[in-house]
Amino acid sequence: MRRETIAIHGGYMVDPTTRAVAVPIYQTVAYAFDSAEHGAALFNLETPGHRYGRISNPTNDVLEARVAELEGGIGALSVATGQAALHFAVLNLVEHGKNLVSVPQLYGTTYTLFANILPQLGITVRFAESAEPAAIARLIDDDTRGIFCESVGNPAGNICDIEALAEVAHRHAMPLLVDNTVATPILLRPFEYGADILIHSLTKFLGGHGTTLGGIIVDSGRFPWAEQADRYPMFSQPDPSYHGLIYTDHFGAAAYIGRCRSVYQRNMGSVLPPLSAFLLLQGIEKLALRIERHVENARRVAEFLRDDRRVQWVNYVGFPDNPYYPLAQKYLNGRACSLITFGVRGGFDGGCHFYNALKLIKRLVNLGDAKSLACHPASTTHRQMTPAEQLKAGVTPDTIRLSVGIEHVDDIIEDLDQALEACERVAAPSDNGIAGAARSAQ
Ligand SMILES: *Cc1c(COP(=O)(O)O)cnc(C)c1O
């Protein structure tokens, strides 16, 4: 099936017990055993079925199967948030004393998790100078267990060369982990370019309505864990926490995602509520249509900003002079996603003035909602970083990040227009010359 169809039907036909056509919400904690023997077989993973809501749930099963199919993966594990998905995805791969190599352009909380939280567990993340394959390769040593990138970086909107990064990873016999939240499987399927593990914040475009938090890890099933048993002993050696289970024997190609559920979800418990899985499935059904409209609206908004003299700079990968344009052609099939960053006159204060003047467009830290949203990273998501760290993450003091929604595009543009005008009124008239010079230097 094509992606538009998978988004509606993937992972579900009709409910086997009730014949319900919509995915039922299985609001239950536990599942009854037929007998002691049946319970034992379930605990031994010898027979398929559910036993306890921390480990699995039939509503979540549908969500997991649908996202796995959309991405072309072999299996998935849903969790409470995107951050929980990132946390489990790394824990399931990088042991104490080992390291992960990451591109520098990251979502703010991912950066904090990598830079400050994982080191407390003895896991180091090495941030490369850039997302260039050579810069990544330079940081790899004997203790490196994986490479991490965001396919489209949030908030910088940069695009990573997934095929080249996968090649570096595989040359060093390690997997490439990709956060595909911003691109979504409608615009980009990283497994087609060699990525091994995907992470999504379902909170954003997949849910699409700003109502529900969720995260998911998707396994391509292609990384040869058994062949790399020296590096990744956790998959092919008996696990004492699970009566000696060997994940590569039991789960075969799905060893990674099987272990993630059996070890991390089971013991650390970051469960997605089944009601949330249901709401996220509602969002995913219309994902392809929404993305089409997001993409078209974003193009019109980017053109408006580019042609407006009050705007200092616009970063939109759909413009041929954008440094990421060739990568957008290759990975996004000529489309650009609906994140746009731009700068207004007056640095940090100018950014704040513009931000405060918005009326229709919501001021918040989120993206991928049907509503248009704006974020001022320097005062919010990235404020815990030093200016140098911010710059490395692709954030300047004046950066405004827009997530263009699916309203009528003229209403979005009218709001931007009036906010730019309001911002002009507070900017000192003498600023014009400086701003003009800065603009022509861009
Ligand atoms: C929002 C986001 C996350 C975190 O997701 P939550 O569901 O908010 O925990 C991770 N990565 C990216 C790229 C994001 O945009």
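Quick note: numbers below take in every heavy atom, side chains included, and nothing from hydrogens, waters or symmetry partners. Numbers here are sequence positions counted from 1. Each ligand, and each atom within it, is numbered from 1 in the order the structure gives.
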> Between Arg126 (side chain) and Leu139 (backbone), is there a donor-acceptor pair under 3.5 Å?
Replying inline: yes

> Has the side chain of Arg222 got a donor or acceptor atom that lies under 3.5 Å from a matching backbone atom of Asp219?
Replying inline: no

>> Once ring-ring contact (aromatic ring centres under 6.0 Å, His included) is applied, what residue pairs with a partner in residues 142-196 remain, sequence neighbours excluded?
In response: Phe114-Phe148, Tyr193-Tyr331

Under 3.5 Å, which donor-acceptor pairs do the side chains of residues 255-271 form with other protein atoms, sequence neighbours left out?
residue	atom	partner	partner atom	Å
Tyr256	OH	Ala89	O	2.6
Arg259	NH1	Asn92	OD1	2.7
Arg261	NH1	Ile55	O	2.9
Arg261	NH2	Glu64	OE1	3.0
Arg261	NH2	Ala76	O	3.2
Ser262	OG	Gly258	O	2.8
Tyr264	OH	Leu91	O	3.1
Gln265	OE1	Ser270	N	2.9
Gln265	NE2	Ser78	O	3.2
Asn267	ND2	Val263	O	2.8

Measure and list all N/O to N/O distances between ligand 1 and the protein that fall under 3.5 angstrom.
residue	atom	partner	partner atom	Å
ligand 1	5 (O)	Ser201	OG	3.0
ligand 1	7 (O)	Gly82	N	2.8
ligand 1	7 (O)	Ser201	OG	2.8
ligand 1	7 (O)	Thr203	OG1	2.6
ligand 1	9 (O)	Gly82	N	3.1
ligand 1	9 (O)	Gln83	N	2.9
ligand 1	11 (N)	Asp179	OD2	2.7
ligand 1	15 (O)	Asn154	ND2	2.9
ligand 1	15 (O)	Lys204	NZ	2.7

> What residues form a side chain to side chain contact (heavy atoms under 4.5 Å, CB included) with Ser276, not counting sequence neighbours?
Replying inline: Thr212, Leu272, Pro273

> Thinking salt bridges, do Glu129 and Arg138 make one under a 4.0 Å N-O criterion?
Replying inline: no

